[in-house]
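Once you've had a glance at the structure underneath, I'll fire off some questions.
Throughout, protein chains are lettered first and strands after them, A, B, ... in sequence-line order, and every chain is numbered starting at 1. Computed from a predicted model, the values in this text were never measured in an experiment. Computed over heavy atoms, backbone and side chain alike; hydrogens, waters and symmetry mates excluded.
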Amino acid sequence: MQLVLHVWRQAGPNVKGAFATHRVAANPHMSFLEMLDSLNEELAANDEEPVAFEHDCREGICGSCGIVINGVPHGPTRGTATCQLHMRKFRDGDEIWIEPWRAAAFPVIKDLVVDRSPLDAIVQAGGYITARTGSAPDANAIPIPKDDAELAMDAAACIGCGACVAACPNASAMLFTAAKASHLGLLPQGQPERDERALKMVSMMDAAGFGGCTNHGECEIACPKEISVEFIARLNRDLFKASVMAVE
Amino acid sequence: MTLESRVPSGPIQEKWDRQRFELKLVNPANKRKYEIIVVGSGLAGASAAASLAELGYRVKCFCFQDSPRRAHSIAAQGGINAAKNYQNDGDSIWRLFYDTVKGGDYRSREANVYRLAQISLNIIDQCVAQGVPFAREYGGQLANRSFGGAQVSRTFYARGQTGQQLLLGAYQALARQIGLGAVTMFPRTEMLDVVVVDGHARGIVVRDLVSGAISSHGAHAIVLATGGYSNAYFLSTNAKGCNVTATWRAHRRGALFANPCFTQIHPTCIPASGDYQSKLTLMSESLRNDGRIWVPTATEEQRSADAISEGERDYYLERLYPSFGNLTPRDIASRRAKEAVDSGRGVGELKNGVYLDFRDAIQRLGADVIGERYGNLFDMYERITGENPYDVPMRIFPAPHYTMGGLWVDYNLMSSVPGLYVIGEANFSDHGANRLGASALMQGLADGYFILPYTIGDYLTRIGSAPVTANAQAFGAIEEDVAQRTKKLLAVEGKRTVDSFHRELGRIMWDECGMSRTKEGLARALQAIPALRDEFWSDVRVTGRGENLNQTLEKAGRVADFFEFAELMCVDALHRDESCGGHFREEYQTDEGEALRNDDDFAYVAAWNFTGVGEQPELLKEPLAFEHVPLSQRSYK
C-alpha cells in the first residue's frame with residue numbers, strides 16, 4: 001500500500017515545528033511503528049535525520065509510545081496503543097497526519113517525543129500506599145471481595161501513556177490521576193492515606209500545568225486500556241469528602 | 001583471580017539466617033553518609049532503590065526510559081511463584097527449591113535457589129501490602145494457578161498483567177522515596193561505563209539522552225539492575241531498548257560474565273510476518289493448557305487448517321511426550337517446533353510457525369469458557385495478525401525471551417568487582433540453564449526487596465563512609481573514553497543503517513547460537529561476527545549529532561556492544577560440550593533427541609574474564625555441588 005505521511009518535525013523544545021511530507025510504501029501486516037521504522041530507514045539511507053518517536057515494549061503495555069494519528073491519540077482503533085495499531089486499518093492511498101501529544105504540561109522534546117514527567121510527579125505526590133519493605137502482614141490476612149479487586153484492577157490497568165491528556169480539550173490529567181487514586185482507594189490497604197492521596201495528587205496535577213476536568217469524556221475514548229470516566233467521579237467524591245474533612 | 005561464592009556453611013535451611021546474622025550492620029545514624037547508585041528501574045532496580053532509601057541510604061537511580069515505570073518487567077504476563085501453599089496441595093519451600101534446581105537442569109547454585117524459595121513468601125506479602133491487585137477468589141482470598149507444567153498451584157497473577165502490576169507497586173514505592181527526596185531519579189539517562197578506583201566500583205559515567213551531556217556520578221556502591229541481553233538476536237520478545245551495554249561495560253572493567261550461552265527461547269510467540277519485523281510478541285504460556293500444538297504430516301501442505309483431516313495432522317508433542325503432551329517445558333517445546341518448521345511442515349504464509357489449536361477445547365468447554373480464560377490474549381493475537389483464533393488456529397513460533405546468563409555474583413549478589421552489585425535478570429544466579437515460568441518476577445523482587453538491602457551494608461561498613469567525589473582522575477579518563485566512543489560512532493559516516501547491522505548480527509546468532517547449536521556452526525559464527533563488527537565500524541551511518549536527543553546514536557552504541565558480547569556467547573556455547581536446559585548442542589543428545597548433560601565435566605558455572613575485544617577470554621570455573629537435589633536426567637515422557 002502507498003501512503004502519504006505528514007509528520008511533525010521539531011528540532012527542539014524552543015524551535016518552531018512544521019509538518020514534513022513523505023511518501024512510503026507499507027505492508028498491511030506492519031504495525032504503525034514498523035511503518036515509521038521503514039520511513040526512518042529510508043531517511044537514514046538518504047542521510048536525513050530519522051523521525052524521533054518514543055517506543056519500547058511494542059506490546060501495548062509500557063506506555064512509551066503515543067502519537068496523535070489523524071487528530072486522534074493512538075489512532076483510529078479503540079482500546080489500542082499506537083504500537084498495537086496495524087496498517088491493515090488504513091487503505092491504499094491514505095494520507096496520515098502524525099503529531100506529538102499536544103498539552104502545555106507536555107513540552108515537545110523533539111519531533112514526536114514529549115516530556116511526560118509531570119505524570120510521574122503526580123504519583124510522587126501521593127499515588128502510592130506506604131508499606132515499608134518488610135512490614136507486611138501475611139498476604140491472605142485481609143480478604144478483599146473479588147468484585148473490589150476486579151474493579152481496582154480495571155483502574156490499575158492504566159499504562160501512563162498520557163493519551164487522556166492529549167485527548168482532553170483542557171489537557172487535564174484527571175483520568176490518569178483518578179485511575180491511580182481509585183486503584184489504591186478501592187483496596188483496604190489504601191484506606192489510611194485515601195483522603196490525603198486525593199488532595200495531594202490533584203493539587204500536584206494542577207501545579208504541574210494540567211487543566212481541570214469539565215467532563216468531556218474524550219479521555220475514555222482515547223484510552224488504550226479503555227479506563228472508565230466513572231473513576232473520575234469516584235476521585236471527585238473522595239476529593240469532596242477529603243476537602244470537607246480537612247482540618248486546616 | 002579466584003571465585004569465592006561466599007555461601008555460608010551449615011544446613012541449607014539455615015544458611016540465609018546465618019548470613020544475615022553474620023553480615024555487619026551499618027549504624028542507622030551513619031546510613032545517610034553512604035551514597036548508592038542503582039542503574040535500571042525494573043522490578044529489581046525499583047525495589048532495591050526504594051528499599052535502600054527506606055533504610056536511610058542516599059540513592060541515585062538511573063534509567064534510559066522517560067519514566068522508571070516503563071522498564072521491561074512491565075511486559076511480563078503470566079505470574080509470580082511463591083511457596084505459600086494456600087491451595088493446600090502439598091507445596092513447600094523445599095518443593096519450589098527442588099523444582100527450580102531441577103528445572104534449571106542442575107546448573108544453578110543450590111544455596112541461592114533455596115534462599116529464593118524462602119523469600120518468595122515475603123514477596124507476595126509485600127506486594128499485597130502495596131496494593132497489587134492480584135486475582136482473588138469469591139471469598140476474598142488470593143487465587144492461584146498452575147503454571148509452566150508445575151504440579152502445584154503456586155502462581156499468583158493479576159490478569160495477564162502481573163509484571164505491570166508488580167512493577168507499578170515497586171515504582172510507587174520508588175516514587176514515594178523520590179517525593180521524599182531520598183532517591184534522586186535520573187530518567188532518560190544511559191549508563192555507558194563503570195568507574196573502578198583501586199579495584200573498587202566507585203561510580204558510573206552516563207549520557208543524558210536529551211542534552212547529550214556526558215557526566216560522572218560517584219558512590220560508595222553501584223547496583224546494576226539492567227536486565228537481559230535477548231536483543232543480541234535482534235528479534236526477541238524484549239522491549240526495543242533492552243541492551244547489554246551496562247553489563248558489558250562492567251565486564252570490560254573486570255566483572256566476570258557467567259554462562260552467557262544460557263538463553264531461553266519461549267515457545268509461544270507470534271511468528272514474524274515479514275522482513276520489516278521489529279520485535280516478536282509473546283503469547284502467555286498458559287495457552288498451552290487448552291491449545292493443542294500440531295503441524296500437517298505432509299511437507300509443503302497448501303490447504304488451510306480446517307481442510308486438513310485429523311489423520312493428516314501431527315500433534316507432535318502429544319505423540320512424543322504422552323504424559324506431559326502440550327505442557328512439556330519451554331526448551332523442549334521450542335526445539336520441537338523448530339524441528340517441525342525445519343522439516344518443511346511449517347504453517348502460515350511464510351511457513352514459519354506451528355498451529356496452536358483451540359478447536360477441541362472450544363467444542364468441549366464452549367467459546368465462552370475459552371473467552372473467559374484467554375479473551376485478552378485472543379484479542380491481542382487478532383490485533384497483531386488480523387486472524388480470529390476462535391475460528392482459525394493460532395500460529396506460534398519460539399522467540400528469544402530471557403537470558404539466564406549474566407554477570408557473575410557471589411551469594412551476596414556482589415560481582416567480581418568489589419562494590420559492584422548485580423541484581424535481577426542482569427546476574428546469572430538462580431535459574432541455571434533454564435528458567436521456570438513465573439520465576440523471573442520472583443527473583444527480581446527477591447534480589448531488590450529482600451537480599452541486596454542486607455548484603456550491601458556489610459560491604460559499606462568495611463569501606464567506611466568517607467565521601468566519594470566524581471572528580472578523581474579516574475573519572476575524567478573514563479568520561480573521555482565515553483565521549484570518544486560517541487564521536488567515533490558519528491564519525492564513521494558509512495552507508496549502512498544501524499538496524500541493518502543489528503538484523504544481520506541477530507540472524508547469525510539465531511542460526512548458530514539459537515535454540516540448537518553445533519561445533520561447526522559456532523565456529524562459523526566466531527568467524528562471521530568479528531568480520532561484521534569490522535564492517536560496522538567502517539560502514540555504519542549514524543545520522544545527527546551527539547549534543548541532543550539522537551535515537552540512532554543510542555541504538556548504535558548498544559549494537560556496538562552487542563557485537564562484542566555476541567562473540568562471548570558463542571565462545572561459551574562452543575566450550576560447553578554438553579546440552580543442558582536452553583543450551584542444546586546437537587552433538588550431545590540422547591537416542592530420543594533429549595538434552596544430554598555431562599555432569600562429570602561441566603557441573604560448573606563458566607565465568608569469563610575479559611582480555612580484549614576479539615581476544616580469547618579467560619575461563620574461571622565455579623564448581624557446583626548438588627547435595628540436596630540429586631542429579632537426574634529430566635524426563636517428560
- Query: To the nearest 0.5 Å, what is the distance between CG (D499(B)) and CG (N40(A))?
  - Reply: 9.0 Å
- Task: May I ask you to decide whether D154(A) forms a salt bridge with R159(B), counting only side-chain N to carboxylate O separations under 4.0 Å?
- Result: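 Salt bridge: yes.
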- L186(A) versus chain B, heavy atoms under 4.5 Å apart: side chain, backbone, both or neither? neither
- Hey, are R136(B) and D148(A) close enough for a salt bridge, meaning a charged N less than 4.0 Å from a carboxylate O? no
- Query: Rounded to the nearest 0.5 Å, how far apart are SG of C62(A) and CG of L167(B)?
  - Reply: 10.5 Å
- Message: Under 4.5 Å from any heavy atom of chain A, what part of L280(B) do you find: side chain, backbone, both or neither?
- Response: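 Just its backbone gets close to chain A.
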- Query: Do R176(B) and T130(A) have side-chain N/O donor and acceptor atoms under 3.5 Å apart?
  - Reply: yes
- Message: With a 4.5 angstrom heavy-atom cut-off, is it the side chain or the backbone of I109(A) that approaches chain B, or both, or neither?
- Response: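 Only the side chain of I109(A) comes within 4.5 Å of chain B.
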- So what's closer than 4.5 Å to chain B heavy atoms on H55(A): side chain, backbone, both or neither? side chain
- Message: For Q191(A), I'd like to know if atom CD has over 12 heavy atoms of other residues, nucleotides or ligands within 6.0 Å.
- Response: yes
- Contact class of T385(B) relative to chain A, heavy atoms under 4.5 angstrom: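 The answer is the backbone of T385(B).
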- Item | Which of G79(A), A11(A), A141(A), G127(A) touches chain B most, by non-hydrogen pairs under 4.5 Å |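 Highest number of pairs under 4.5 Å: G127(A).
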- Query: Is the shortest distance from a Lys or Arg side-chain nitrogen in K279(B) or E59(A) to a carboxylate oxygen in the other one below 4.0 Å?
  - Reply: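 A salt bridge links K279(B) with E59(A).
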- Is it the backbone or the side chain of D66(B) that comes under 4.5 Å from a heavy atom of chain A, or both, or neither?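 When you check distances to chain A, atoms from both the backbone and side chain of D66(B) fall under 4.5 Å.
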- Message: For a quick check under 3.5 Å, do S278(B) and E34(A) share a side-chain donor-acceptor pair by atom type?
- Response: yes
- Using a strict cut-off of less than 4.0 Å between a Lys/Arg side-chain nitrogen and an Asp/Glu carboxylate oxygen, indicate whether R188(B) and E54(A) qualify as a salt bridge. yes
- Message: What I want to find out is whether D47(A) reaches R541(B) closely enough, with some N-O distance under 4.0 Å, to be called a salt bridge.
- Response: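 So D47(A) pairs with R541(B) through a salt bridge.
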- Query: Going by heavy atoms in the side chains, are K146(A) and E137(B) under 4.5 Å from each other?
  - Reply: no
- Message: Let me confirm one number: the CD-CD distance from E49(A) to Q551(B), rounded to the nearest 0.5 Å.
- Response: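 So the CD of E49(A) and the CD of Q551(B) are separated by 9.5 Å.
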